There are 2 protein chains.
Amino acid sequence: MQKHESTIVDIAKALNLSVATVSRALNDHPKISAATKIKVKEQANALEYRRNTLASGLRGSRTNNIGLIIPRVSMYFHAAAITAIQNKLHLQGYNLIIGQTNDAVEMEKQLASAMFSSRVDGLMVASTFYTTDFSHFDVFIRNNIPLVFFDRVPIDFYPAQVIKGDDYQGGFMATAHLAKAGCKTIAHLSGPLSCNLYKDRYAGYIDALRKYKLPFKKEWVFFNELTPENALLIAKQLFVKKPYPQGVFASNDTSAIVVLEYARALQLRIPAELKIVGYSNDPRTAIITPAITTIEQFPDKVGERAVAALLEIMNGARRKKDQVQTPIITAVELIRRASA
Amino acid sequence: MQKHESTIVDIAKALNLSVATVSRALNDHPKISAATKIKVKEQANALEYRRNTLASGLRGSRTNNIGLIIPRVSMYFHAAAITAIQNKLHLQGYNLIIGQTNDAVEMEKQLASAMFSSRVDGLMVASTFYTTDFSHFDVFIRNNIPLVFFDRVPIDFYPAQVIKGDDYQGGFMATAHLAKAGCKTIAHLSGPLSCNLYKDRYAGYIDALRKYKLPFKKEWVFFNELTPENALLIAKQLFVKKPYPQGVFASNDTSAIVVLEYARALQLRIPAELKIVGYSNDPRTAIITPAITTIEQFPDKVGERAVAALLEIMNGARRKKDQVQTPIITAVELIRRASA
DNA sequence: AAATTTTATGCAAACGTTTGAATTATTGGA
DNA sequence: TCCAATAATTCAAACGTTTGCATAAAATTT
């Protein structure tokens, strides 16, 4: 009796009912009498019954599991988004299955396949920096499994819903802020343009330069993956000979921090001689001296909107066509601090 | 034909084999001929077959899902641990299901129940600050589902494996470091003692005071939850009238940062007039001016050890009795920086 | 060539739940 | 009192795998 985990069959036997009735009672089916429902639920409690979601998923073809594929759990933006996503999904009775790609396309493929095998009811994806071919997600489309991309999304058309921050606007605002603060020359640390984030922020940068009639110099724009190591190499390059750029717009906060520390070590006065703007409002930017001006992306909002979109699709509230046509763009905000 | 997702039945039909043979072939059963295996696998590829893990889980009673219950994904330590955990589990073919308690006991109960219902093959838990009654995990014990606590673990005996950093030693090292640096009076921001972390760090603090023959003053010890807000209140209290404490050991980095910023605003010279040690090596501590001395907990190591322990239990490599008797304690390290 | 062992495959039940259709019990109306 | 309508319950199949046991085919021994 220790061995055996209780099932609806046990409940049925105990109450001399059929399993069908028990199943319906537990699911609050309208045709079951109130009295029976109560009896069944009491017996279920007494037996410590818990629905076997495998069995019910197999029969009913839903698992209540939502998959999430993400580059790295520990990056600030994503960690904050996950928090919001998980909280919201739990309210709706869904579990969240997380897979990390570590920004490797191959891993992304494996995870997509694993998520599909485990029959997630929906999938949320922030892709790697390098994913340009999204065909490993086709199987979700073909099988009509709701699919939502957020933050890191396909650049070319792909028939799935997209939720992202307004990176173009963010890039524009960051650059414009530097321009308005008087920078005549603004360098830009971008990431690989294969990623929509950097592509859009870069576009914003370019347009802001144009608007404020500032020169574009290709020696002052970089497209390496924005690791601390790369940022340091770039910083060395930027400040090897004068004139130095008067402003730096870094497309993530990690590299903004590296540049700031390097410039500080060079005794450059910030913001007097050099102004810096980062991206993401990483908690570190508020704490470093001087604090770094940056773009807030509201990761919790992005996460919540992504979940909301997924749920809408799952509930059929949104027509398939509409999903695909209209990316959802969430607002960003310039956080003014001492560095610019 | 769009409608229908392929199953082993389809493969069997296509090849004129029985489903049993197909199943065995896919699982590399020794009694299936090499030729058949190849045929089956080719056909499986051709049909884009993917095992239905619900069905196989239902029948075979394993799901390849591991549950993780954690206070908040976005806290540095936990985010880093999750990264390690997920990476390691994926290598073994497991999926990770994450639930966040937001440090609420009620949520922890709900999640434990949900994880059980979805038949995770094992569960990893970092409990809330306030969990003292762990009976909502009993169902895992009773059903013999591997259960591992890490970081935030039961204080009283509970029959499950435990993996944690050496908090006593960390508390001792932090305090001793301040003492050796010349602090005659050392305040301590602890968290609630219902949590093993704070209890052990506090014990280390006490013992270090004793060893260095420093006075213990109860006005200089605090047991509130270590939020920024609470830390600020405490800082105000600490520095309301002289003599100020010469050293502060904060049991997490967030509160160390708040204290440092408050003291800096008061124009206290750090480390000359006030020395500060935090706990966890949060990335912010390296970046603030002056950088904060802290205790590194190696979250990735903790995560990996926790997974290793879980896998050992699942593979039966470790006798049940041994699991429970011996908590696994991982080393911590003092990171010396400018603040002390 | 028959008997025996070995190797490969098939049969059918089982896992726990859900659900359309069928059946039984209850109620109300004439 | 009987019939019809409604409410409550049951039957049985289905979801896609896995697996013990039985069987068939091939290889080996006598």
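Proteins get letters first, then strands, A, B, ... in listed order; numbering begins at 1 in each. Just so you know, these numbers come straight off a predicted model, no measurement behind them.
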Donor-acceptor pair under 3.5 Å: do we get one between B:Arg59's side chain and the base of D:dT17?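 Check fails, no donor-acceptor contact within cut-off.
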Look at all strands and tell whether [X] reaches a base, only sugar-phosphate, or nothing, counting heavy atoms closer than 4.0 Å.
X: A:Ser23; result: base
X: B:Leu17; result: sugar-phosphate
X: A:Thr36; result: sugar-phosphate
X: B:Ser56; result: sugar-phosphate

Considering heavy-atom distances to DNA chain C, does B:Ile32 or B:Ala55 have its closest nucleotide positioned more toward the 5' end? B:Ile32
Test of ring centre spacing under 6.0 Å for B:Phe137 and B:Tyr158: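 No, they do not, as the ring centres are separated by 6.0 Å or more.
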What pairs with B:Glu48 under salt bridge (Lys or Arg N to Asp or Glu O under 4.0 Å), at least two apart in sequence or on another chain?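 Partners of B:Glu48 by the salt bridge (Lys or Arg N to Asp or Glu O under 4.0 Å) criterion, ordered by chain and then number, come out as A:Arg142.
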Do A:Met124 and A:Val307 touch side chain to side chain, with heavy atoms closer than 4.5 Å?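 Touching, per the 4.5 Å side-chain cut-off.
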Please identify each residue that fulfils side-chain hydrogen bond (donor to acceptor under 3.5 Å, both in side chains) with A:Lys41, with sequence neighbours left out. A:Asp28
Restricting to side-chain hydrogen bond (donor to acceptor under 3.5 Å, both in side chains), what partner residues turn up for B:Thr330, sequence neighbours left out?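 If we apply the side-chain hydrogen bond (donor to acceptor under 3.5 Å, both in side chains) test to B:Thr330, skipping adjacent residues, there are no hits.
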Could you run through nucleotides 20-27 of chain C and give me one letter per nucleotide, 5' to 3': B if any protein heavy atom sits under 4.0 Å from the base, S if only the sugar-phosphate is that close, - if neither? BB------
Through what angle, rounded to 10 degrees, does the axis of the helix from C:dA1-D:dT30 to C:dA30-D:dT1 turn between its ends, using five pairs per end? 50°
Kindly state which residues belonging to residues 6-14 of chain B come within less than 4.0 angstrom of DNA chain D, counting heavy atoms of the residue only, listed by number. B:Thr7, B:Ile8
